[in-house]
Amino acid sequence: QALTTDNITEYDLVTQLSLQNLEIGFDVENMLIEESGVMRSQLRGHVDIKNHFSTDIEFDAQIPLPAFLEIMRYTESSAAFTGKFGDEVAQSLLAIFFQSDVALSKVSLSLRDHGTLGRLLSLYAKYSEQSVPEATENIRWEIDQWIKENISEEGMHFFPAIDKFLDRGGQLRISANPDASVPFLLFARYLLMPESAIGQLNVNIEQVN
């Protein structure tokens with residue numbers, strides 16, 4: 001059976017990115033620490049997709065103790081009555097979570113390339129009918145333009161790290177470490193004002209070889 005153009009493209013994507021067989025390992029730990037009327041949730045995790053990339057995440061949030069206890073009671077009672085954890089329960093818990101003063105203290109996400117970036121650039125170059133250096137430069141220009149148009153002041157110091165990552169691979173780390181914990185309800189406003197979000201959340205991007 002002849003492959004259609006779409007199927008040929010999908011087949012190229014799978015084979016050139018070596019996606020036929022994936023080996024995934026992960027390790028996640030969440031610590032709950034009660035202090036001064038809040039429950040601190042400290043999550044640490046590592047995901048490794050062999051021969052592709054690995055990622056590390058750190059997440060630190062503060063949940064007011066009354067809200068945390070309500071969430072725990074709701075979860076336990078729902079599981080006892082229904083025997084399962086469904087979408088309705090998840091939506092209710094999410095509502096409790098956001099209606100309280102749950103706040104972000106810190107978040108960090110790092111991505112280490114193990115060869116996928118080079119394969120992606122080669123594939124993009126192939127389908128855009130460019131050389132790999134030309135394709136890389138085009139991607140670099142697109143990122144630079146987006147930063148200038150959306151986060152022109154605060155975002156310009158991000159570009160050197162992204163530029164190094166495109167050239168050298170390695171590890172790209174994105175972190176937010178606000179001076180004071182930021183309520184999650186403010187994040188809807190940050191989506192409309194990314195420039196102020198970067199400054200208030202102390203967002204940083206760095207490339208690590």
NZ on Lys126 to OG on Ser128, rounded to 0.5 Å = 11.5 Å
Taking NZ, NE, NH1 and NH2 as the nitrogens, is one of them in Arg173 or Glu206 under 4.0 Å from a carboxylate oxygen of the other?
-> yes
Do the side chains of His114 and His52 get nearer than 4.5 Å, heavy atoms only?
-> no
Taking the side chain as every heavy atom from C-beta outward, state whether Leu43 and Glu29 have any pair of such atoms under 4.5 Å apart.
-> no
Are Asp179 and Asn202 side-chain neighbours, meaning at least one heavy-atom pair lies under 4.5 Å?
-> yes
Should Gln200 and Tyr190 be marked as a side-chain contact (heavy atoms from CB on, under 4.5 Å) after you check the CA-CA gap, both sets of side-chain angles, and the distance that decides it?
-> CA-CA 10 Å; Gln200 293 177 26; Tyr190 286 154; 2.7 Å; yes
Can you check whether Glu134's main-chain N or O pairs, donor with acceptor, with Asn138's side chain at less than 3.5 Å?
-> no
Treat each ILVMFWY residue as a node, draw an edge where side-chain heavy atoms are under 4.5 Å apart, and state whether Ile198 and Leu192 are in one component.
-> no
Using the rule that two of Ile, Leu, Val, Met, Phe, Trp, Tyr join whenever any of their side-chain heavy atoms come within less than 4.5 Å, decide whether Leu32 and Leu65 are in one cluster.
-> yes
Do the charged groups of Lys148 and Asp144 touch, with an N to O distance under 4.0 Å?
-> yes
Any chance you could measure Gln62, atom CD, to Phe184, atom CZ, to the nearest 0.5 Å?
-> 10.5 Å
Note, Pro64 side chain near Val102 side chain (heavy atom, < 4.5 Å) | yes
So which heavy atom on Gln171 is nearest to which on Ser110, and how close?
-> NE2-CB, 3.7 Å
Are any non-hydrogen side-chain atoms of Asp48 and Ile24 less than 4.5 angstrom apart?
-> no
Mind running side-chain contact (heavy atoms from CB on, under 4.5 Å) on Ile143 and Leu166 for me, showing each step along the way?
-> CA-CA 11 Å; Ile143 294 172; Leu166 286 172; 4.3 Å; yes
Judged by modelled atom types alone, do Ser41 and Asp60 share a side-chain donor-acceptor pair under 3.5 Å?
-> no
same_hphob_cluster(Val107, Val38) at 4.5 Å side-chain heavy-atom cutoff = no
Going from CG on Leu201 to OG on Ser175, what distance comes out if it is rounded to the nearest 0.5 angstrom?
-> 10.5 Å
Between His46 and Asp56: side-chain donor-acceptor atoms closer than 3.5 Å = yes
Residue Phe53 excluded, over 12 heavy atoms near CZ under 6.0 Å = no
Over 12 non-hydrogen atoms of neighbours within 6.0 angstrom of CD in Gln145 = yes
Distance (rounded to the nearest 0.5 Å) between Phe59 CZ and Ser105 OG = 8.5 Å
First locate atom CG of Leu121, then atom CD1 of Ile139, and finally report the distance between them rounded to the nearest 0.5 Å.
-> 5.0 Å
Arg119 and Ser122: side chain donor to acceptor below 3.5 Å | no
Evaluate whether atom CD of Glu129 has more than 12 neighbouring non-hydrogen atoms of other residues, nucleotides or ligands under 6.0 angstrom away.
-> no
If you round to the nearest 0.5 Å, how far is CG of Leu109 from OG1 of Thr55?
-> 4.0 Å
Cluster check Met156, Met193: I/L/V/M/F/W/Y, side chain < 4.5 angstrom | no
Could you check if a side-chain atom of Phe187 sits within less than 4.5 angstrom of a side-chain atom of Leu104, using non-hydrogen atoms only?
-> yes
Would you call Gln42 and Ile33 a side-chain contact if the rule is heavy atoms closer than 4.5 Å?
-> yes
If you measure from the Lys or Arg side-chain nitrogens to the Asp or Glu carboxylate oxygens, is any gap between Asp167 and Arg140 under 4.0 Å?
-> yes
Same hydrophobic cluster for Met31 and Ile63, using side-chain heavy-atom links shorter than 4.5 Å among ILVMFWY?
-> no
Pairwise side-chain contact, Phe165 with Asp113, heavy-atom cut-off 4.5 Å (strictly under) = yes
